[in-house]
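Below is one structure, written out as structure tokens; the observations come after it.
Letters A, B, ... mirror the listed sequences (proteins, then strands); counts begin at 1. Note that the structure is a prediction, hence the values are computed from the model and not measured.
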Amino acid sequence: MVKVATWNVNSVKARLPIILDWLRDFAPDVVLLQEIKCTDDSFPRLEIEELGYNLETHGQKTYNGVAIASKSTIEDVVKGLPGDANDEQARYIEATVFGNLRVASIYLPNGNPIDSEKFPYKLKWMDRLRKHTEACLSADQSYVFAGDYNIIQNDDDVYDATKFAHDALTHPESRGRFRSIVFMGLTDAFRALNNATHQYSYWDYKAGSWQKDNGLLIDHILLSPVAADRLVCSGIDRNPRGKERPSDHTPVWCELTTEAPDHPV
DNA sequence: ATGCCAGGTAACACCTGA
């Protein structure tokens with residue numbers, strides 16, 4: 001089995017004690033991190049490597065930044081989402097782990113406010129992600145595209161949909177693009193096995209959102225068809241959100257069988 | 001209508017996040 005998790009940590013340095021505890025307790029095989037908020041050379045590698053993980057990072061100063069930690073070797077690394085050489089925001093890293101599993105750590109732009117340049121940036125970024133995903137799917141391979149998608153897929157994935165009715169996370173242009181990606185043949189690893197509504201991965205720091213369970217489900221794991229055939233279980237680990245000095249996000253995870261099932265070509 | 005909380009940077013205030 002390969003246990004894969006995605007977690008927006010909101011600064012890897014500020015979160016290091018919680019991350020190390022969680023790696024020891026939850027023992028994922030692969031972790032896809034977002035919002036590390038540091039450059040590659042300032043990433044706290046040694047502490048994580050001591051727990052048996054290899055690391056690949058795609059960071060930048062202050063903002064964004066993504067990384068892959070794996071108990072296996074990490075090969076064929078791609079840093080940055082293809083499709084715009086001028087995009088300087090570090091929001092995408094992709095690599096092969098455990099020999100046959102391609103994983104991507106995705107930090108999709110938030111896009112708010114809608115009347116700013118941030119919203120068209122989000123939409124263009126999603127167009128690039130769709131094109132890149134399409135290219136990936138032309139190979140019959142296990143792919144895990146996971147991360148902070150900044151998309152509320154349905155109104156029952158948010159504590160109060162009316163508050164987000166005119167938000168970049170629910171906007172029809174955002175949701176439409178997300179669905180166009182999923183509808184190419186991807187499986188939502190959490191939703192494939194969990195029917196309960198109001199299951200969240202993010203709670204605002206403000207207004208006691210965690211205590212009131214006023215959350216959003218915006219962190220998603222999307223599987224290619226071959227990876228979906230390997231899916232065994234999935235879930236959201238709320239424990240890290242309840243600790244002292246937490247991230248506002250908590251890990252979403254899934255477990256895949258080690259070997260890809262036989263497929264007719 | 002706005003701030004709420006948190007992190008980073010740089011400076012004792014501002015930007016960003018969702």
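Regarding A:Q60, its CD atom lies at a distance of 19 Å from the P atom of B:dG7, rounded to whole Å. A:E244 places its CD atom 15 Å from the P atom of B:dC5, with the value rounded to the nearest Å.
Applying the ring-ring contact (aromatic ring centres under 6.0 Å, His included) rule to A:F178 yields the partners A:Y149, A:H220; only residues at least two apart in sequence or on another chain are considered.
As rounded to the nearest Å, B:dA11 and B:dG7 have C1' atoms that lie 15 Å from one another. Nucleotides B:dC4 and B:dT9 have their P atoms positioned 22 Å apart, rounded to a whole Å. Across the P atoms, B:dC12 and B:dA1 are found 33 Å apart, a figure rounded to whole Å. To the nearest whole angstrom, the two P atoms, one in B:dC14 and one in B:dA10, are 16 Å apart. Spacing of P atoms, B:dG8 relative to B:dT2, comes out at 28 Å, to the nearest Å.
Taking 4.0 angstrom as the limit, A:R15 places none of its side-chain polar atoms (N or O) nearer than this to OP1 or OP2 of B:dA6.
For the side-chain contact (heavy atoms from CB on, under 4.5 Å) with A:V144, the lone residue among A:V2, A:I221, A:T6 that qualifies is A:I221.
A ring-ring contact (aromatic ring centres under 6.0 Å, His included) check over residues 34-83 of chain A, counting only residues at least two apart or in different chains, returns nothing.
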Sugar-phosphate or base contact per nucleotide [nucleotides 8-18 of chain B; S, B, -; heavy atom under 4.0 Å]: SSS-----SSB
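With a 4.5 Å cut-off between side-chain heavy atoms of Ile, Leu, Val, Met, Phe, Trp and Tyr, the cluster of A:M1 takes in A:V232.
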Would you list the atom pairs, donor with acceptor, under 3.5 Å between side chains in residues 208-217 of chain A and any protein atom, with sequence neighbours excluded?
{"residue": "A:S209", "atom": "OG", "partner": "A:K206", "partner atom": "O", "Å": "2.7"}
{"residue": "A:K212", "atom": "NZ", "partner": "A:A207", "partner atom": "O", "Å": "2.9"}
{"residue": "A:D213", "atom": "OD1", "partner": "A:W203", "partner atom": "NE1", "Å": "2.9"}

Exercise answer: donor-acceptor pairs, residues 19-27 of chain A side-chain atoms, under 3.5 Å, sequence neighbours excluded:
{"residue": "A:D21", "atom": "OD1", "partner": "A:R24", "partner atom": "NH2", "Å": "3.2"}
{"residue": "A:W22", "atom": "NE1", "partner": "A:D237", "partner atom": "OD2", "Å": "2.9"}

